[in-house]
Amino acid sequence: MIDIRLLRSDPDAVRAGIARRGEDTASLDRVVELDARQRGLAEERDQVRGEVNAISREVGGLHRDGRAEEAAGLQEESRALGEREEALAAEADGLAAEITEILLRVPNIPSPDCPDGTSEADNVITRYEQWDEDAYGEHQRVPHWEIGEQLGLLDVERGTKLSGAMFVMYTGMGATLCRALIQYGLDRNADAYREMRPPTLVKTATMVSTGHLPKFEDDAYHLERDDLWAIPTAEVPLTSFCRDEVLDEADLPMKLMAHTSCFRREAGSAGRDTRGLLRVHEFDKVELLAYATEEQAPEVHADILARAEGAITDLGLSYRVLDLCAGDLGGSSARTFDLEVYAPGVDQWLEVSSVSWFSDYQARRANVRYRPAEGRGTQVVNTLNGSGLAVPRVWAAVVETHRQPDGTIAVPEVLQRYMRGAMHIG
RNA sequence: GGAAGGUUGCCAGAGCGGACGAAUGGGGCGGCCUCGAAAGCCGUUGUGGCCUCCGGGUCACCGUGGGUUCAAAUCCCACACCUUCCGCCA
């Protein structure tokens with residue numbers, strides 16, 4: 001949630017920021033107007049409450065002094081004030097609820113460093129790593145679903161039989177590779193990130209905290225009977241780990257990681273990338289997340305990006321880094337770098353990590369604060385996160401990139417220890 | 001799923017209609033004492049909203065949401081969560 005005080009004191013700046021996303025800013029004007037009315041009413045309500053409190057104290061005194069009969073008039077007066085207070089409170093609460101409802105749908109203000117642009121096409125490709133267009137042989141130009149079928153690593157048909165389209169069944173060494181990637185992703189970050197294992201079903205409030213609700217309701221699986229949501233990423237439970245808490249500055253940055261299943265309805269993507277592992281409803285991912293002060297945030301952002309890159313590099317994959325433009329930024333993010341890995345078999349760049357800085361947007365929703373070492377009061381923390389390793393697309397890139405002329409797959413060295421020492425698949 | 005008990009400040013724990021933002025103890029912080037420390041003593045110690053002539057003022061918060069009352073931590077109702085026991089179970 002954006003800071004309503006900033007909207008109040010500098011509405012033009014907020015409008016300009018939101019406009020960079022190509023979003024309509026009319027709702028901001030509406031909030032400014034409602035906020036002014038709400039505060040007026042709340043102030044009046046508090047004043048009336050104060051009068052009621054004063055009278056009650058007086059009545060209390062009269063009762064103690066055994067002059068209860070003298071209190072009747074005051075009680076009558078207070079009752080009338082009470083009715084007025086109730087009316088004011090109802091109106092003020094109604095406006096406050098309306099403001100919150102709008103504000104929960106207003107995205108974050110992009111960082112000034114975030115490039116201009118209105119769509120995916122305007123994202124800035126910052127750099128290519130380990131990539132040589134001409135370095136790929138014919139044996140690498142086979143899509144992973146074909147390789148998976150040849151070597152018995154994927155069973156697309158049976159996955160569909162069980163759960164429908166865009167659900168996957170990994171088989172044999174395919175499943176082992178899946179697990180190896182997860183363990184690899186966790187182990188290489190365990191030096192600085194505390195491993196967590198959160199629940200994958202969460203309450204509505206948990207989804208609201210990260211910004212996945214209310215605006216993106218259609219993207220998530222919802223278990224109606226129990227009113228629980230299947231998490232689209234471990235970002236969701238990890239961001240709420242400290243919800244409604246006040247941390248010590250000494251605890252920051254607090255770095256966490258978790259492997260979880262992730263569930264996405266992919267509502268807007270029907271018919272796109274339906275083959276293989278490019279887009280699936282359920283997948284495994286190792287997520288890195290941190291709570292930090294605003295001052296620490298840039299360094300932590302760089303750390304997560306470097307770690308996400310390191311995992312890809314050591315798997316021997318090619319990738320590129322994109323600096324997302326304002327128009328393509330996720331709603332909660334202020335700045336995002338996307339990592340896209342090159343999969344030669346499908347000849348596509350696959351997004352495998354979004355490394356984002358959310359400023360205090362999520363933390364304000366989640367109400368996560370910290371007590372500064374110096375000075376009084378509390379401050380809202382900053383949150384950052386990114387995928388340390390997202391299994392299906394990395395799995396696909398590994399299989400396609402490391403396919404040998406004889407049709408087998410060379411297991412990257414860093415994974416061998418997690419695959420019972422196997423150096424080849426097939 | 002059934003039964004009983006519980007939820008108060010950083011922690012423990014009192015309060016069960018009025019002077020309660022809340023006793024008392026512990027912890028933290030500051031000070032005294034000391035060569036230094038312990039002990040002891042004194043003081044201090046929540047969060048948020050709004051207003052502010054920046055001195056402060058005011059309102060809210062005792063699990064959550066309603067209700068009763070001039071007045072609710074305290075009474076009533078509903079819900080959530082926790083603990084224990086029974087049942088079921090990986």
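Keep in mind that this is a model prediction, so the values were computed, not measured. Order of the sequence lines fixes the chain letters, A, B, ..., with proteins taken first and strands second; residue numbering starts at 1 for each chain.
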Asks: In whole angstrom, give me the gap between the C1' atoms of B/rG49 and B/rC42.
Replies: 35 Å
Asks: Rounding to an integer number of Å, can you tell me how far A/R57 CZ sits from B/rG21 C1'?
Replies: 13 Å
Asks: Assess, by modelled atom type and distance only, whether the side chains of A/H259 and A/D284 contain a donor and an acceptor separated by less than 3.5 Å.
Replies: yes
Asks: Now, which nucleotide makes the Watson-Crick or G-U wobble pair with B/rU58, with each of the two distances under 3.5 Å?
Replies: B/rG49
Asks: Is a salt bridge present between A/R5 and A/D10, judged by a nitrogen-to-oxygen distance below 4.0 Å?
Replies: no
Asks: For the P atoms, the ones on B/rU8 and on B/rC82, what distance do you get once it is rounded to whole angstrom?
Replies: 14 Å
Asks: Does any nucleotide pair with B/rC85 by Watson-Crick or G-U wobble geometry, both distances under 3.5 Å, and what is it?
Replies: B/rG2
Asks: When you match A/E51 and A/G61 each to their closest nucleotide on RNA chain B, which lands nearer the 5' end?
Replies: A/G61
Asks: Separation of A/H63 atom NE2 from B/rC70 atom P, in whole Å?
Replies: 10 Å
Asks: Atom CD of A/E76 to atom P of B/rC70: distance rounded to whole Å?
Replies: 8 Å
Asks: Tell me the interatomic distance from A/E70, atom CD, to B/rC70, atom C1', rounded to whole angstroms.
Replies: 15 Å
Asks: Specify the separation, in whole Å, of atom CZ of A/R243 and atom C1' of B/rU64.
Replies: 14 Å
Asks: Starting at CD of A/E86 and ending at C1' of B/rU68, how long is that distance when rounded to a whole Å?
Replies: 12 Å
Asks: Starting at atom CG of A/L62, determine the distance to atom P of B/rA71, rounded to an integer number of angstrom.
Replies: 15 Å
Asks: What I want to find out is whether A/R30 reaches A/E98 closely enough, with some N-O distance under 4.0 Å, to be called a salt bridge.
Replies: yes
Asks: Among B/rA60, B/rG46, B/rC70, find the nucleotide with the atom closest to the side chain of A/R49.
Replies: B/rA60
Asks: Taking the C1' atom of each, how far is B/rA60 from B/rG9, in whole Å?
Replies: 16 Å
Asks: Could you pick out which residue, A/G50 or A/G82, lies toward the 5' side of RNA chain B when each is mapped onto its nearest nucleotide?
Replies: A/G50
Asks: Using purine N1 to pyrimidine N3 plus N6-O4 or O6-N4 for Watson-Crick, or N1-O2 and O6-N3 for G-U wobble, both under 3.5 Å, which nucleotide pairs with B/rU74?
Replies: none
Asks: Could you tell me how far B/rA12 sits from B/rC89 if I compare only their C1' atoms? Round to whole Å.
Replies: 36 Å
Asks: Syn or anti for B/rG55, taking syn as within 90° of 0?
Replies: syn
Asks: Sticking with atom C1', work out how far B/rC70 lies from B/rG15, rounded to a whole angstrom.
Replies: 23 Å
Asks: Does the side chain of A/W229 come under 3.5 Å of the side chain of A/T204 through a donor N or O and an acceptor N or O?
Replies: yes
Asks: Side chains of A/S356 and A/R335, heavy atoms from C-beta outward: is any pair under 4.5 Å?
Replies: no
Asks: Considering only atom C1', compute the distance from B/rU84 to B/rC32 and round it to an integer number of Å.
Replies: 49 Å
Asks: With both distances under 3.5 angstrom, what nucleotide forms a Watson-Crick or G-U wobble pair with B/rU7?
Replies: B/rA80
Asks: Does this structure show an ion pair linking A/R45 with A/E91, if we count only N-O contacts that are shorter than 4.0 Å?
Replies: no
Asks: May I have the distance from A/D244 (atom CG) to B/rG63 (atom P), rounded to whole angstrom?
Replies: 16 Å
Asks: Please determine, for B/rG17, whether a Watson-Crick or G-U wobble partner exists with both distances under 3.5 Å, and give it or none.
Replies: none
Asks: Taking atom CZ of A/R194 as the centre, does the number of heavy atoms from other residues, nucleotides or ligands within less than 6.0 Å exceed 12?
Replies: no
Asks: Between B/rG21 and B/rC61, how far apart are the two P atoms, rounded to whole Å?
Replies: 11 Å
Asks: Within the pair A/N53 and B/rA60, is there a side-chain N or O less than 4.0 Å away from OP1 or OP2?
Replies: yes
Asks: In whole Å, measure the gap between the P atoms of B/rC75 and B/rA39 for me.
Replies: 40 Å
Asks: Quick test: give all pairs of protein nitrogen or oxygen and nucleotides 48-52 of chain B nitrogen or oxygen below 3.5 Å, distance rounded to 0.1 Å.
Replies:
unit_1, atom_1, unit_2, atom_2, d
B/rG48, OP1, A/R369, NH1, 3.1
B/rG48, OP1, A/T378, OG1, 2.4
B/rG49, OP1, A/R5, NH1, 3.1
B/rG49, OP1, A/R5, NH2, 3.1
B/rG49, N2, A/D46, OD2, 2.9
B/rC50, OP1, A/R8, NH1, 2.7
B/rC50, OP1, A/R8, NH2, 3.2
B/rC51, OP1, A/R39, NH1, 2.7

Asks: Indicate, with a heavy-atom threshold strictly under 4.0 Å, whether A/S78 touches base, sugar-phosphate, or nothing.
Replies: sugar-phosphate
Asks: Tell me whether the count of non-hydrogen atoms from other residues, nucleotides or ligands lying under 6.0 Å of CD in A/E70 goes above 12.
Replies: yes
Asks: Give none if B/rC32 has no partner; otherwise give the nucleotide forming a Watson-Crick or G-U wobble pair with it, both distances under 3.5 Å.
Replies: B/rG40
Asks: If we only count heavy atoms from C-beta on, is the A/F358 to A/T210 side-chain gap below 4.5 Å?
Replies: no
